[in-house]
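This report refers to the structure that appears directly beneath it.
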Amino acid sequence: MQILGIETSCDETSIAIVDGNRKILFHKTLSQDSKYGGIVPEVASRKHLENIKLILQELVGLCDLSTIDAIAVTAGPGLIGSLMVGVVCAKAIASVLKKPIIAVNHLAGHALTIQLIEEVQYPFLTLLVSGGNTQFLIVKDVDNYTKIGETLDDALGEAFDKVARMLGFGYPGGAIIERRANFGDENKYVLAKPMINSPNCNFSFSGLKTDVARKIQSLQPLDEQKICDLCASFQKSVTDVLAKKILLAFEKFALETGKACNDFVLCGGVSANQYIRNKLIDLCRLHNVRFLSSPLSLCGDNAAMIALVGVEKFKKGLIDNINFAPRAQWPL
Ligand code: KG4
């Protein structure tokens with residue numbers, strides 16, 4: 001079995017082929033440079049139109065698409081114009097080749113990415129931390145998820161990007177903050193840890209962002225060392241909150257499933273952060289939980305994860321009517 005996957009939910013244009021054994025046979029992602037300090041939806045959609053053609057031309061030169069069993073495409077959630085490019089392209093390929101089409105939820109892609117690398121038994125606990133989402137999910141099957149907590153305002157990646165912008169870094173800023181933090185003192189500044197003591201698995205990051213803005217004001221003029229210390233202190237604050245909430249999520253997982261949590265999966269773009277990973281690896285070790293996370297190349301938006309969900313859905317006979325519409329909002 002071979003499934004073609006297409007991902008265009010935000011600003012990455014990506015196409016992949018994954019086989020029935022979850023092996024990636026082809027994978028190419030083109031990212032967009034942002035000169036605007038963030039994503040401009042119309043610009044992103046236009047760039048997808050250029051990039052998707054480039055990747056498809058390369059793919060068609062390498063293999064015969066008629067051997068594909070089905071086409072899986074991100075149908076949401078995401079920017080509607082960006083989604084439209086991938087969905088229309090997938091529908092065109094499906095119509096011409098007379099192949100089934102599978103509408104994939106982008107969040108399911110992130111949640112299941114780990115299966116491209118490791119065998120993980122259902123149910124498992126995942127924390128999805130990306131530019132658009134921050135949520136705890138109990139993953140029970142490819143089409144069965146229970147959300148047990150989420151951010152009430154900004155996503156964690158969004159908080160990283162907003163703090164990066166305040167410090168004058170480019171977009172996306174998460175990785176830049178991490179690099180600067182490596183040279184900073186994480187205990188230099190005490191920053192807010194919103195909702196750290198609330199008895200649930202929800203988050204809020206907008207207050208922390210405001211706290212960083214105030215700190216930046218009070219530290220003027222900023223020098224390189226102050227910037228690195230701020231980055232390290234910010235990273236520590238969010239990681240302390242994540243760690244506390246993960247302990248609550250372990251308990252909620254046990255209540256919901258009737259068994260102890262054996263596997264914890266960190267996924268989404270922010271999971272590329274090595275500081276966060278290391279802290280959570282230690283936490284999981286302490287609680288006898290296996291910590292899992294994807295290689296950096298699969299942390300961000302990519303089509304291999306969409307093709308993978310396609311493989312798993314196809315195995316269960318879960319294909320869609322070609323009339324489906326992309327959805328800007330689509331909770332799992
Ligand atoms: O999953 P992703 O590629 O896109 C969404 O679906 O949102 O995640 C992108 C987010 C951005 O906010 C980016 O700043 C953040 O992931 N990110 C990081 C790191 N690398 C990417 N955040 C913190 N540390 C990193 N090393």
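Both counts, for ligands and for their atoms, begin at 1 and track the order of listing.
- For the atom pair F264 CZ and I114 CD1, the distance stands at 11.0 Å (nearest 0.5 Å).
- Residue G132 has at least one N or O atom closer than 3.5 Å to an N or O atom of ligand 1.
- Ring-centre distance between F160 and F169: not below the 6.0 Å cut-off.
- Each of the atoms 6 (O) of ligand 1 lies under 4.0 Å from some heavy atom of H106.
- With distances taken over non-hydrogen atoms, the option nearest atom 16 (O) of ligand 1 out of G269, S271, G300, A272 is G269.
- Using a 4.0 Å cut-off to heavy atoms of G131, the atoms of ligand 1 that qualify are 5 (C), 7 (O), 8 (O), 9 (C), 10 (C), 12 (O).
- Interface of P172 with ligand 1, defined as ligand atoms under 4.0 Å from a residue heavy atom, comprises 13 (C), 14 (O).
- Panel note: side chain K313, backbone A103; a donor-acceptor pair is recorded below 3.5 Å.
- Panel note: side chain K215, backbone Y189; no donor-acceptor pair is recorded below 3.5 Å.
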**OP:** Any chance you could lay out the salt bridge (charged side-chain N to carboxylate O under 4.0 Å, His left out) test for E178 and R277, step after step, and finish with the verdict?
**Re:** CA-CA 12 Å; E178 183 182 7; R277 281 188 186 209; over 6 Å; no

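- Near E178, the atoms of ligand 1 lying under 4.0 angstrom from a non-hydrogen atom of the residue are 25 (C), 26 (N).
- Annotation: atom 19 (C) of ligand 1 to nearest protein heavy atom, A175 N, 3.6 Å.
- Judged purely by atom type and a 3.5 angstrom limit, D211 uses its side chain to pair as donor or acceptor with the backbone of A192.
- Using a 4.0 Å heavy-atom cutoff, C10 is absent from the residues neighbouring ligand 1.
- Within the 4.0 Å heavy-atom criterion, both parts of D301, backbone and side chain, lie near ligand 1.
- The shell of residues lying under 4.0 angstrom from ligand 1, judged by heavy atoms, includes H110.
- Taking CD of E7 as the reference point, atom CE of M305 lies at 5.0 Å (rounded to 0.5 Å).
- The main-chain N or O of I102 is never found under 3.5 Å from a side-chain atom of D320 such that the two would form a donor-acceptor pair.
- Residue contacts with ligand 1, taken as heavy atom pairs separated by less than 4.0 Å, do not involve Q274 at all.
- Of the protein's non-hydrogen atoms, the one nearest atom 12 (O) of ligand 1 is D161 OD2, 2.6 Å.
- Rounding to the nearest 0.5 Å places CG of L137 at 7.5 Å from CG of L107.
- Compare L296, N302, V270 by their heavy atoms: the one nearest to atom 15 (C) of ligand 1 is in V270.
- Ligand 1 has no nitrogen or oxygen under 3.5 angstrom from a nitrogen or oxygen of E12.
- When G157, A181, G174 are checked for heavy-atom proximity to atom 18 (C) of ligand 1, G174 turns out nearest.
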